[in-house]
Amino acid sequence: MFLKDQWYAVAWDRDIGGKPVGHTICGEKIVFYRKRDRSLVALEDCCPHRLFPLSQGSVHDDRLVCGYHGLTFAEGGQCVHMPSQDTINPNAHIRAYPVVERYRFIWVWIGDAALADPARIPALPWCADPAWAFDGGTYHTACDYRLVIDNLMDLTHETYVHATSIGQKELTEAPFDAKLVGDRAVVSRWTLNVEPPPFWVHNWKSKELVDRWQICEYSVPSVITIDVGVARAGTGAPQGDRSQGISATVINLITPETETSCLYHWGFARNFETDDQGLTARIREAQGGVFMEDIDVFVHQQQNILARPDRKMMSFNIDAGGVLARRLLDRALQNSASKAA
Amino acid sequence: MFLKDQWYAVAWDRDIGGKPVGHTICGEKIVFYRKRDRSLVALEDCCPHRLFPLSQGSVHDDRLVCGYHGLTFAEGGQCVHMPSQDTINPNAHIRAYPVVERYRFIWVWIGDAALADPARIPALPWCADPAWAFDGGTYHTACDYRLVIDNLMDLTHETYVHATSIGQKELTEAPFDAKLVGDRAVVSRWTLNVEPPPFWVHNWKSKELVDRWQICEYSVPSVITIDVGVARAGTGAPQGDRSQGISATVINLITPETETSCLYHWGFARNFETDDQGLTARIREAQGGVFMEDIDVFVHQQQNILARPDRKMMSFNIDAGGVLARRLLDRALQNSASKAA
Amino acid sequence: MFLKDQWYAVAWDRDIGGKPVGHTICGEKIVFYRKRDRSLVALEDCCPHRLFPLSQGSVHDDRLVCGYHGLTFAEGGQCVHMPSQDTINPNAHIRAYPVVERYRFIWVWIGDAALADPARIPALPWCADPAWAFDGGTYHTACDYRLVIDNLMDLTHETYVHATSIGQKELTEAPFDAKLVGDRAVVSRWTLNVEPPPFWVHNWKSKELVDRWQICEYSVPSVITIDVGVARAGTGAPQGDRSQGISATVINLITPETETSCLYHWGFARNFETDDQGLTARIREAQGGVFMEDIDVFVHQQQNILARPDRKMMSFNIDAGGVLARRLLDRALQNSASKAA
């Protein structure tokens, strides 16, 4: 069951252009393309005539042309051309989806179009602010999208899954705090007065002792930002003064395709050396490698879950953040169900 | 649901010889081979002993030998040899199917064998008449066979699917006529006083204006012939005088394997330059390329249909021929069901 | 339905070491590894936390560490470490399976662990006796394991399946005897006063006429040994005096994974020229080639069976041994079911 009346990130802005592209979002097959003015169109990916996928067709004069018999649809979903026919059958109408471009991503609204307000897209200011450099990628992942949420809300997995890259034994030993802050689930982990790990040594350009933080914030339905950074130890970072350090934000947008597959968009935004495009490329490559280790976990985990339908997952201390996130999601699903009833 | 008590084209004559070959026809697994006198045998493709497919076996003395333990079957389906056993269990009998070779194809009768009359095979005189050159191929296609019928009864798809080969914008604009003629559905499209397309320029050896025709005829269960040609404009071709032109017949035999797969046999028969084997080969290659574009459509269409079980196709003006063909097929299915009841 | 309260051969001794290896045995996913003292551990292949397969993890200090968050399990299945948690949730306990190494194989007990007595493993003395040379392999096979039992209890298939290697027309003509001997089904085939086949000519180093034997013994659930050999004709081999000949034992251990897949462990034990490692390697390669021909049969047979759920196999004279074996197996299944009820 997917949460309706939500914006979901479909793709990076660069991945949808003038040619139609098909995606499955929350079980709905949708075709996306840009018009010549670069505004976006999202339509049901199914010609009502012979049910041919419109994503196999083409765009002509900003309109979507079916690749089978040339039925043509305007951005509102109405058919505006049928071959060998002057009067167009008014039933030849397909569903149009609200779609916007924001924060470097294309977002589609799944649910009641009348409720689609772009202001409800969770704020991701780092992604579109020139003061930050931002890049990343997308992994098509064969698992329930909620497994990705669990993963990101409990970073102790880094010690085991990313043992050879970013994992550190200390991570699993540091205390952490999980709580609801408004409509968000927040897990904060501060490691005080420690040596900075290699990534931060390299970018902070110092080996002095630091206070290090990782603050994960989850918003319904599936946006997780992770505020990460280091500051000179004892200079007040935990109290809010980060002037003696540097930080970055890890962006995670997880969009369900089906019950057992999702699109996982990931990226890294930094506000230091933002003009160094080589650094941007190296970070993207490194992040892609680390996150691929998670994909491997998700696929194995999903297969095991499917093989044991009677088995429930258990939650321990480390899952406090994930439990809060799932509670927010389940509550939203219940609200949605009771509205529908 | 498949239409029983029908002949279905299994393979080209050249594709079945002395070695057993297995095919699924209307959901029934059948093994075919030729005897030394080149007559045909069609038997259930399942040894009654251990259910091993007999198409994995061999033919010895015109009899089919199971590849597992050597049980041997005569063409009527009776077991004539069991290892280590003098008395043969009379229950070790498999079903035999009526099978004939006609019009360059092997045809099998699905249904009540007592009703199998080869005279009921739709006449395809062009395929076996020395006055015509005929060749083609077979595509194993992952779709409901009726999608192929729809496709062939509405040639406006050529403009979009075959845009780079045989499609012409004019095709979708030419008027056409769809009607029942006896037990056939016939769609006729005449384009009068036009420039001949490249294929006909090349073969008719003239660029004079022509009257061009495409006449599709559907017969139950799934035989479609398309009479195509051009004649000097205004010389009476629409009225039946083709003496000033040339023509050909496109042959399409679509045999259901399962609910979502079929064997699509296609070919091209011409009565001009019939001795030019190079031309035969070139036409076959070109036709194979064009028809492969349709296969790609069918597979995408079928996947979309399976993903939307609640969605019905819509029919517009261009589908008039397909609607008539499906009506004949549905009527035959109903007759068959009421006979069975 | 699988027979519980049985030992099943999981792997050759050489195929499980210090790294965790996952197998599905009778539908149960189990992870195996050796401790530093080479003793074996078998645990449920599923971390109770996030259901990640433990076979994707690692072994540390003889304990199994989950590859996702580091939960650690002792050989009894109890969790002995959780990250960020001092008190371990006692429910975080996974099932441990009795596991032993015997006769060159790793055996796991499926069923009630309290009943697991290694003495119940069928005796395979040839596999671990220095007087015999023994080697073989394992084929992962996409069929119901009982199809392999049928195959081995009726060697007439050799004539057809192994026509180019070990099959002989005489085999299907020789009389054979099938009977129950205690808790075993035994099929004996003696071919008297015949020329020895190439394999025995080569190893017996003579072309004199021989009495040849093949004696298949089946034990519940799925162990089949085949005693094969030749002796100088008329020297009393049928009566028990094999002093004028040589013999070998073919070992077959067939372990169900799922209803339609199994692990087929095969090998060949001989008591002649046991120090000739080159001969051991050549026999293994030859046996692997011959048995692969059977795998091909099993896969086709299984597909045909699945396609015809209403079709029952028939049994003829040659199946007498297989019928007895299946009777023993079915009786054991019924006993098991009535105990459970």
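Naming: A, B, ... by sequence-line order, numbering from 1 per chain. Please read all numbers here as calculations on a predicted model, not as lab measurements.
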Legend entry - Heavy-atom check, side chain of C:Lys312 versus side chain of B:Leu51, under 4.5 Å: no
Legend entry - For C:Met314 against B:Arg50, the heavy-atom pair lying closest together: O-NH2, 3.0 Å
Legend entry - Close side-chain approach of B:Phe52 to C:Val297, heavy-atom, < 4.5 Å: yes
Inset, instruction - State whether the number of non-hydrogen atoms from other residues, nucleotides or ligands found under 6.0 Å of B:Arg63 atom CZ is greater than 12. - result: no
Legend entry - Toward chain C, the part of B:Cys66 with a non-hydrogen atom under 4.5 Å: backbone
Legend entry - Student check: side-chain heavy atoms of B:Glu44 and C:Arg308 closer than 4.5 Å: yes
Legend entry - Close side-chain approach of B:Pro48 and C:Arg311, heavy atoms under 4.5 Å: yes
Contacts table for residues 16-30 of chain B: side-chain donor-acceptor under 3.5 angstrom, sequence neighbours left out:
unit_1: B:Glu28; atom_1: OE1; unit_2: B:Arg95; atom_2: NH1; d: 3.4
unit_1: B:Glu28; atom_1: OE1; unit_2: B:Tyr97; atom_2: OH; d: 2.5

Legend entry - Heavy-atom contact with chain C under 4.5 Å, split by part of B:Leu71: side chain
Inset, instruction - Look at atom CD of C:Glu285 and say whether more than 12 heavy atoms of other residues, nucleotides or ligands are closer to it than 6.0 Å. - result: no
Legend entry - Rounded distance (nearest 0.5 Å) linking atom OG of B:Ser84 with atom CD1 of C:Ile318: 6.5 Å
Inset, instruction - State yes or no: are the ring centers of B:His49 and C:Phe316 separated by less than 6.0 Å? - result: yes
Legend entry - Selection from B:Gly57, B:Cys47, B:Gly70 maximising heavy-atom pairs under 4.5 Å formed with chain C: B:Gly70
Legend entry - Best-contacting candidate, C:Asp296, C:Ile305, C:Asp294, C:Val161, against chain B by heavy atom pairs under 4.5 angstrom: C:Val161
Legend entry - pair C:Thr159-B:Pro83: side-chain heavy atoms closer than 4.5 Å: no
Legend entry - Of all pairs that satisfy salt bridge (Lys or Arg N to Asp or Glu O under 4.0 Å), the ones with a partner from residues 83-93 of chain B, not counting sequence neighbours: none
Inset, instruction - Give the minimum heavy-atom separation between C:Tyr160 and B:Gly67, together with the two atoms involved. - result: CB-O, 3.5 Å
Inset, instruction - Measure across B:Tyr68 and C:Phe298 and return the closest heavy-atom pair with its distance rounded to 0.1 Å. - result: OH-CE2, 3.8 Å
Inset, instruction - Quick one: pull up CG in C:Asn317 and CE in B:Met82 and give me the separation to the nearest 0.5 Å. - result: 8.5 Å
